[in-house]
Amino acid sequence: MKSAVETLNPTRVRLTVEVPFEELKDSLDAAYKKINQQVTVKGFRKGKIPARVIDQRFGRGAVLEEAVNDALPKFYTEAVNEGELNVLGQPEVDITELKDGELLAFTAEVDIRPAIEIPDYSGIEVTVDAVEVTDEDVEKSVEQLRERFASTNPVERAAAEGDVVTIDLEAKVDGEVLPDGVASGVSYTIGSGELLDGIDEAVTGLEAGGEATFTSQLKGGSAEGKDAEVTVKVTAVAARELPELDDDFAQLASEFDTLDELKADSRKRLENMKQYDQATQAQERVLEELLKLIEVPIPEKLLEDEVNTRKHNLEHHQLGQMGLDIEKYLEIQGKTVEEFDAETKEQAVKGIKTQFVLDELVNKEKLNVSQEELTEHLMRRAASSGMSPDQFAQAVVEGGQVPMLVGEVARGKALAVVVEAAKVVDSNGEVVDLDDEDETETTAEAAGDATEGDVTEGDEAEGKNEA
């Protein structure tokens, strides 16, 4: 077999392949065997029809077509390997010559990963938010904990903000009660904004037995988006009572004996959270600066596939879980279809560029992923997905997604190398020291967020050397 590579542009090549006919022997034999199993000829047992009879009855052309279809993937793969190409997606194959007994020639156009030069990135400098926890932050945290331990007691007075009311609801559209527009015994905290617009004003000032009517746009159900006349009746009013902020509360709500110990722990937890956020911010900003240094051509077909994947995931997974369609989503976001398309394309370009650059860094720095690192990443991904580690691992293996996870960890390690070389200062001008633990926990996630669609997912985008 002879092959040659012609570069069409930085992300696409054309392979020209010539195969001597004798190299088709195995595929021809397989073609005759396959046709033998599919047809019957009077006078011959099934599977025992001679090749000459098959040629006479069904045509040599049918056999050649079957043989070529069988052989093309193998010869294409050999040509890709011979040319040391890192291909993306499926090739466009064109058979240019087929001479029975002499020659098979074909061309294959396919996208490839562009060659990327990683420049010196040691001069990257970014500024991140300083880690500052104020007394107000601590008080707010303790107050939130206090809210969780609030109790409710029935009161005989008009409902006010913060009270918990038990209500019955009836919604009418065009004078007709909706089939799904009646609810009884609903518990609602006034001011929470968890129900219909206008309900807070309607129930405030009502005592048990009181009733009010208001107009509100329905957020869901059979008449979603329509204005409804809603009647609300208060059947009970309860006041929320917060526990006293003292040592007894600390013992009730935590493992600490005193309120001071509880506040100290709250401060420490807030500091840890802000340090984590700071590390994530540093990695995101370092990545942005790194990408500015490198020009990366993007394969058009790959970009088209990535845009379509992101739109599909949004429309059929994320929005579906929220009960929204794309039109409603754009309305909520205040975006036109054109703005949404442009934004999605921009995100896809950044995702592909990020993956190409970080993958090249993995190769340049000769980074490997250990079993321990993969397991730790799997555990974090499982926790964020709401699945147990065993369930998540099984789903990953069954879905053939192990290489994707390995890639995420490797790209995270590559980003960590760049972050370590960069200068990171906070908004107070102080140099930020991101320890290894911080980087290990966040770089894979930061790299994963940037490559959300993950252009290595699926046979088409993974660059498998198959036709």
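- For the side-chain contact (heavy atoms from CB on, under 4.5 Å) test, residues two or more places apart in sequence or in another chain that qualify with Thr11 are Asn9, Pro114, Pro297, Pro299.
- No more than 12 heavy atoms of other residues, nucleotides or ligands sit less than 6.0 Å from atom CD of Glu346.
- Looking at every heavy atom in both residues, Glu82 comes nearest to Ser3 through OE2-OG, 2.6 Å.
- Summarising the local packing, CE of Met387 is surrounded by more than 12 heavy atoms from other residues, nucleotides or ligands at distances under 6.0 Å.
- Val17 places none of its side-chain heavy atoms less than 4.5 Å from the side chain of Tyr76.
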Carefully, step by step, assess Ser187 and Val164 under the rule side chain to side chain contact (heavy atoms under 4.5 Å, CB included). CA-CA 7 Å; Ser187 180; Val164 179; 3.4 Å; yes
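- Scanning for side-chain hydrogen bond (donor to acceptor under 3.5 Å, both in side chains) contacts around Asp277 gives an empty result, with sequence neighbours left out.
- Taken to the nearest 0.5 Å, the CZ atom of Arg310 stands 10.5 Å off from the CD atom of Glu343.
- Contact detail for Ala159 and Ile190: the closest heavy-atom pair is CB-CD1, 3.6 Å.
- For Lys423, the NZ atom is loosely surrounded, since the number of other residues' heavy atoms within 6.0 Å does not exceed 12.
- Partners of Pro243 by side-chain contact (heavy atoms from CB on, under 4.5 Å), not counting sequence neighbours, listed by chain and number: Arg146, Phe149, Phe249.
- Between Glu211 and Lys233 there is no salt bridge, since no side-chain nitrogen of the basic residue lies less than 4.0 Å from a carboxylate oxygen of the acidic one.
- Between Asn153 and Glu241, the closest side-chain pair of non-hydrogen atoms falls below 4.5 Å.
- Looking at every heavy atom in both residues, Ala202 comes nearest to Val232 through CB-CG1, 4.1 Å.
- One finds no salt bridge joining Asp341 and Lys345 here, because no Lys/Arg side-chain nitrogen approaches an Asp/Glu carboxylate oxygen to under 4.0 Å.
- Around CD of Glu339, the count of heavy atoms belonging to other residues, nucleotides or ligands within 6.0 Å exceeds 12.
- Using a 4.5 Å heavy-atom cutoff, the side chains of Asp426 and Val432 are in contact.
- In this structure, Arg12 pairs ionically with Glu92, as a charged nitrogen and a carboxylate oxygen lie closer than 4.0 Å.
- The distance from atom OH of Tyr329 to atom CG of Leu324, rounded to the nearest 0.5 Å, is 10.0 Å.
- Between Leu262 and Leu259, the closest side-chain pair of non-hydrogen atoms falls below 4.5 Å.
- For the pair Val417/Leu361, no side-chain contact is recorded, criterion being any heavy-atom separation below 4.5 Å from C-beta on.
- Enclosure of atom NZ in Lys140 is not indicated, since only 12 or fewer non-hydrogen atoms of other residues, nucleotides or ligands lie within 6.0 angstrom.
- To the nearest 0.5 Å, the span separating OG1 on Thr189 from CG on Leu195 amounts to 9.5 Å.
- Shortest non-hydrogen contact noted between Phe214 and Asp197 is CE1-O, 3.5 Å.
- Summarising the geometry, atom CG belonging to Leu378 is positioned 9.5 Å from atom CD belonging to Gln371; distances are rounded to the nearest 0.5 Å.
- A salt bridge is absent between Lys172 and Glu176: the closest approach of a Lys/Arg side-chain nitrogen to an acidic carboxylate oxygen does not fall below 4.0 angstrom.
- Glu373 places a side-chain N or O within 3.5 Å of a backbone atom of Ser370 that can act as its donor or acceptor partner.
- Atoms CZ and CE, from Phe392 and Met379 in turn, are 11.5 Å apart once rounded to the nearest 0.5 Å.
- Looking at Leu218 and Asp227, their side chains never come closer than 4.5 Å, going by heavy atoms from C-beta outward.
- Applying the 6.0 Å contact sphere to CD of Glu295 captures no more than 12 heavy atoms from other residues, nucleotides or ligands.
- The pair Lys274-Asp129 fails the salt-bridge criterion, with no side-chain N (NZ, NE, NH1 or NH2) lying under 4.0 Å from an Asp/Glu carboxylate O.
- Looking only at side-chain heavy atoms (C-beta outward), Val357 and Leu291 come within less than 4.5 Å of each other.
- Taking a cutoff of 4.0 Å between a charged side-chain nitrogen and a carboxylate oxygen, Lys292 and Glu289 qualify as a salt bridge.
- Between Arg381 and Glu408, at least one side-chain N (NZ, or NE/NH1/NH2) sits under 4.0 Å from a carboxylate O, which counts as a salt bridge.
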| field | Intermediate values then yes/no, side-chain hydrogen bond (donor to acceptor under 3.5 Å, both in side chains), Asp390 and Ser388 | value | CA-CA 5 Å; Asp390 288 344; Ser388 72; 5.5 Å; no
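- By the 4.0 Å N-to-carboxylate-O rule, Glu207 lies too far from Arg157 to be salt-bridged with it.
- For the pair Asp111 and Leu302, the tightest heavy-atom approach, listed with the atom from each and the gap, is OD2-N, 4.1 Å.
- Each salt bridge (Lys or Arg N to Asp or Glu O under 4.0 Å) pair with one or both residues in residues 242-264, not counting sequence neighbours, appears once here: Glu139-Lys263.
- The existence of a salt bridge linking Lys413 and Glu365 is excluded, since no basic side-chain nitrogen approaches an acidic carboxylate oxygen closer than 4.0 Å.
- Residues Val337 and Leu330 come closest through the heavy atom pair CG2-CD1, 3.8 Å.
- Classification of Glu360 and Arg113 as a salt-bridged pair fails, no side-chain N sitting under 4.0 Å from a carboxylate O.
- The side-chain contact (heavy atoms from CB on, under 4.5 Å) check on Ala282 picks up Val128, Val424, Leu434, with sequence neighbours excluded.
- Side-chain contact of Glu398 with Gln394: a donor-acceptor pair under 3.5 Å is present, judged by distance alone.
- A search for side-chain hydrogen bond (donor to acceptor under 3.5 Å, both in side chains) contacts involving Glu132 returns Asn428, not counting sequence neighbours.
- A salt bridge is absent between Arg240 and Asp163: the closest approach of a Lys/Arg side-chain nitrogen to an acidic carboxylate oxygen does not fall below 4.0 angstrom.
- Residues Leu293 and Ile124 are in side-chain contact: their nearest non-hydrogen atoms beyond the backbone lie under 4.5 Å apart.
- Across Asp137, Asp135, Asn272, a single residue satisfies side chain to side chain donor-acceptor pair (under 3.5 Å) together with Arg267, and that is Asp135.
- We find the CD-OG distance between Glu136 and Ser141 to be 12.5 Å, quoted to the nearest 0.5 Å.
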